[in-house]
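For reference, the structure I am asking about is given below.
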Amino acid sequence: MNAQNNPDSKIGALTRVQWLAVVLVAITGVLHVFAGIVEGRVPVALAGVGYAGALVLFFLNYRRRLLYLIGVPYTAVQIPIWLVAKSEYGVVDYVDKAVQVVLIVVLVYLYLNTPTEPAKPTATPAD
């Protein structure tokens with residue numbers, strides 16, 4: 001199969017699916033920081049900062065498989081909280097939640113299709 005038809009083909013050092021996750025995380029992160037500032041809701045802005053932190057760790061190549069796993073509940077829990085805490089919903093709200101649903105699916109895919117990280121060799125005491 002050629003790279004053009006392979007959804008996992010690499011662009012730079014990341015696959016297309018990883019880049020999709022990066023874009024989705026950036027979108028929802030920016031929307032959360034913006035909404036948190038505009039609405040004066042610090043927890044919403046902090047959720048956006050959490051996404052920014054995840055991107056930093058991702059680009060530092062820090063335990064990406066674990067980031068995918070943690071990202072699923074981190075993102076999923078925001079949907080019911082949004083439904084309960086918000087009284088009026090705008091277009092941006094629905095776009096953000098749609099982005100989050102797609103992000104959850106992408107993160108599950110990445111988690112299931114990323115090999116586990118090899119254990120680092122440990123030093124053994126001399127006999």
Could you walk me through whether V17 and N113 pass side chain to side chain contact (heavy atoms under 4.5 Å, CB included), step by step? CA-CA 11 Å; V17 178; N113 291 287; over 6 Å; no
On a heavy-atom basis, the closest approach of A21 and V106 is CB-CG1, 3.8 Å
Can a donor-acceptor pair be found, under 3.5 Å and without considering hydrogens, that links the side chain of T114 to the backbone of L110? yes
Within the 4.5 Å heavy-atom criterion, are F58 and L14 side-chain neighbours or not? yes
Inter- and intrachain pairs under salt bridge (charged side-chain N to carboxylate O under 4.0 Å, His left out), touching residues 69-84, at least two apart: none
Hydrophobic clustering (ILVMFWY, side-chain heavy atoms < 4.5 Å, transitive) - are V25 and V108 grouped together? yes
Tell me whether Y62 shares a hydrophobic cluster with L107, the cluster being built from Ile, Leu, Val, Met, Phe, Trp, Tyr side chains joined at under 4.5 Å. yes
Are W82 and V42 co-members of a hydrophobic cluster defined by side-chain heavy atoms under 4.5 Å apart? no
Other than V44, which residues form its hydrophobic cluster under the rule that side-chain heavy atoms must be closer than 4.5 Å? none
Is there a side-chain contact between Q100 and D96 (heavy atoms, below 4.5 Å)? yes
Any pair counted as salt bridge (charged side-chain N to carboxylate O under 4.0 Å, His left out), so long as it reaches residues 74-90, sequence neighbours left out: E39-K86, K86-D93
Indicate yes or no for a side-chain donor-acceptor contact from Y74 to the backbone of L67 under 3.5 Å, with no hydrogens or angles considered. no
Working to the nearest 0.5 angstrom, can you tell me the gap between H32 NE2 and I37 CD1? 13.0 Å
Check the pair L69, R64 against side chain to side chain contact (heavy atoms under 4.5 Å, CB included), reporting the backbone distance first and the verdict last. CA-CA 9 Å; L69 183 63; R64 287 183 178 167; over 6 Å; no
Do we see a donor-acceptor contact under 3.5 Å between the side chains of Y68 and Q18? yes
With a 4.5 Å heavy-atom cut-off, do W19 and V22 have their side chains touching? yes
Got a sec, which residues hit side chain to side chain donor-acceptor pair (under 3.5 Å) with T75, two or more places apart in sequence or on another chain? Y51
With sequence neighbours excluded, what pairs up with I70 under the side-chain contact (heavy atoms from CB on, under 4.5 Å) test? L66
Assess whether side chain to side chain contact (heavy atoms under 4.5 Å, CB included) is satisfied between F34 and V92, documenting all intermediate values. CA-CA 11 Å; F34 176 76; V92 173; 5.8 Å; no
In one Ile/Leu/Val/Met/Phe/Trp/Tyr side-chain cluster, 4.5 Å: Y109, V101: yes
Verify same cluster id: F59, L57 (apolar side-chain graph, 4.5 Å): yes
Which residues pass the side-chain contact (heavy atoms from CB on, under 4.5 Å) test with I27, sequence neighbours left out? V23, L31, V99
Report yes if the side chains of T15 and L20 come closer than 4.5 Å at any heavy-atom pair, otherwise no. no
